[in-house]
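A quick write-up on the structure given underneath.
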Number of protein chains: 2
Amino acid sequence: MSAMTESTPATAEQIAAQLTEAVHEHRLQPGAKLREDEVCEIFGVSRTIVRQALRSLEFEGLLTIEKNRGAFVSKPTLKEAHEVFQARALLEPSTARAAAERANAADIGLLEQHIEAEHAALDRDEAGLALKLSGDFHLEIARIADQHTIEQFLRQLVSRSSLVIALYWRRRNALCESNAHHALVEAMQNRDGDNAEELMKGHLLDIYSQLDLRNREEGSVSLKEALRL
Amino acid sequence: MSAMTESTPATAEQIAAQLTEAVHEHRLQPGAKLREDEVCEIFGVSRTIVRQALRSLEFEGLLTIEKNRGAFVSKPTLKEAHEVFQARALLEPSTARAAAERANAADIGLLEQHIEAEHAALDRDEAGLALKLSGDFHLEIARIADQHTIEQFLRQLVSRSSLVIALYWRRRNALCESNAHHALVEAMQNRDGDNAEELMKGHLLDIYSQLDLRNREEGSVSLKEALRL
DNA sequence: AACACGTATATCGTATACAATCTTGGCTTA
DNA sequence: TAAGCCAAGATTGTATACGATATACGTGTT
């Protein structure tokens, strides 16, 4: 994460945003520890503020705070991974439909810009950035649908999806999905709610099916395995 | 809210739980202010702990914290009221289906106990308690469905529903809904997922249709109106 | 040599003191 | 009298100091 260069001290919200970005871009891996003093020094604020930021990220599901041990980037279990995508499957298709029925030209333009930015990031081999932008695309649809409550939930689900992807994503056949986003925008441009809903449903299943559902072992175990080589 | 009588100081979680209960039971009305010092004295803890509790309730949507002004019980707008029930309509029917397919005898017994407690509360004219129990019933279904992520979201939605009901509920024909809960349990007992899903959908629409959707004015305005009488 | 125990250190949890901000009441003035 | 302004008090925001807990390391014992 980048240090603050401004003169005014960072707010808890800004710190939370930067940490979120780092996790979404996989610069901070699940399991990574965030020591309070360390974060304090990086952002030049007191622990009070940092603790606020960490606490808010715990509520979002991004961090797990263990009493007297500290804050760690969450490591969703396989069950949680399932639950996240089941919840998304319930919320997002009908939200895509509503967005398709409401989207104006400016909205469409913004989504297209988004897709371009994704492609550009991939071209520059910044897979983390592309992943973050991909998540933002889904949030943007909820915003267009003018469903603030669902957008709020989706924010948490996208956050957790990012962790799930970090843990369970198959590296091969990595990036076949930008077409799905493009097709969605096309449906929205045509005011085709039915199609948008179906495309979103399929898109989520696509992502879900690309997860490796075998249970990952803990780091300590994989260290043991490594020593046997 | 009742003061703590225990010897050990209250935790932030306990304080949050008691405040939540008070709001759910409508002993604390939307718009009510919660001064930090006041809450400190009631629970015998320092402001650090109280601020944690208030902050967590803000994340749940129960409180709204205005910078340098304090924490208030949230007053959902009409749009937010709509959004809450739209989100519930997306999440709860399929959750009821899953619960129906998973519920065992103990689960059914618990739900029946819940309904009885609701009736008992109504008989004692404790409408607030009955309302809280009614919300817990919905959460219990998510627990039975073994959908922790959805349960978490539903907890927030039930909380906000309680605020919506406090603001927009029509007093007349107050309590025709306990039958709906009973019918749901029956469907679950019969392992009838289809029916459980449909019943839940109808139940949510019922509640929603009993809300008074005319825009309420602020307290100051209603005071003016009151002076004209 | 391996294990258990105790102490030292690092880290988090809580209380408190101080600073910043808002609110309230009284005063002035048009 | 009503409106505007200033000062005092009340309330929240932040930093820091202290206490509690967990971790790591070294020592002693088997």
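Every value quoted in this text rests on a predicted model; they were computed, and no experiment measured them. Just so it is clear, the values below take in all heavy atoms, side chains as well, and ignore hydrogens, waters and symmetry mates. Lettering of chains follows the sequences in order, A, B, ..., and the numbering in each one begins at 1.
B/Arg47 places its CZ atom 7 Å from the C1' atom of D/dG13, with the value rounded to the nearest Å. Taking atom NZ of A/Lys67 as the reference point, atom P of C/dG13 lies 7 Å away to the nearest angstrom. Taking atom CG of A/Leu34 as the reference point, atom P of C/dA10 lies 20 Å away to the nearest angstrom. Atom CD of B/Glu36 is separated from atom P of C/dA20 by 18 Å (rounded to the nearest Å). With rounding to whole Å, A/Arg51 atom CZ is found 17 Å from D/dG13 atom P. D/dT12 atom C1' lies 9 Å from atom CG of B/Asp37, rounded to whole Å. Going from atom CG of B/Leu54 over to atom C1' of D/dG13 covers 14 Å, rounded to whole Å. If you take CD of B/Glu38 and C1' of D/dT12, they are 14 Å apart, rounded to a whole angstrom.
Using a distance-only test at 3.5 Å, with no hydrogens or angles considered, a donor-acceptor pair links the side chain of A/Ser74 to the main chain of A/Leu62.
Nearest heavy-atom pair across B/Ile141 and B/Met200 is CD1-CE, 3.8 Å. The nearest pair of heavy atoms linking A/His24 to A/Leu131 is O-CD2, 3.7 Å.
Here A/Gln52 reaches the OP1 or OP2 of D/dT14: one of its side-chain N or O atoms lies under 4.0 Å away.
Contact of B/Arg69 with D/dG13 (side chain to base): no donor-acceptor pair of N or O atoms is detected under 3.5 Å.
Summary of the strand contacts: A/Asn68 and A/Thr48 both lie near DNA chain C, and taking for each the nucleotide with the nearest heavy atom, the more 5' one is attributed to A/Asn68.
Within 4.0 Å (heavy atoms only), A/Arg35 reaches sugar-phosphate atoms of the nucleic acid but no base atom.
Aromatic rings from B/His181 and B/His114 are positioned such that their centres are separated by 6.0 Å or more.
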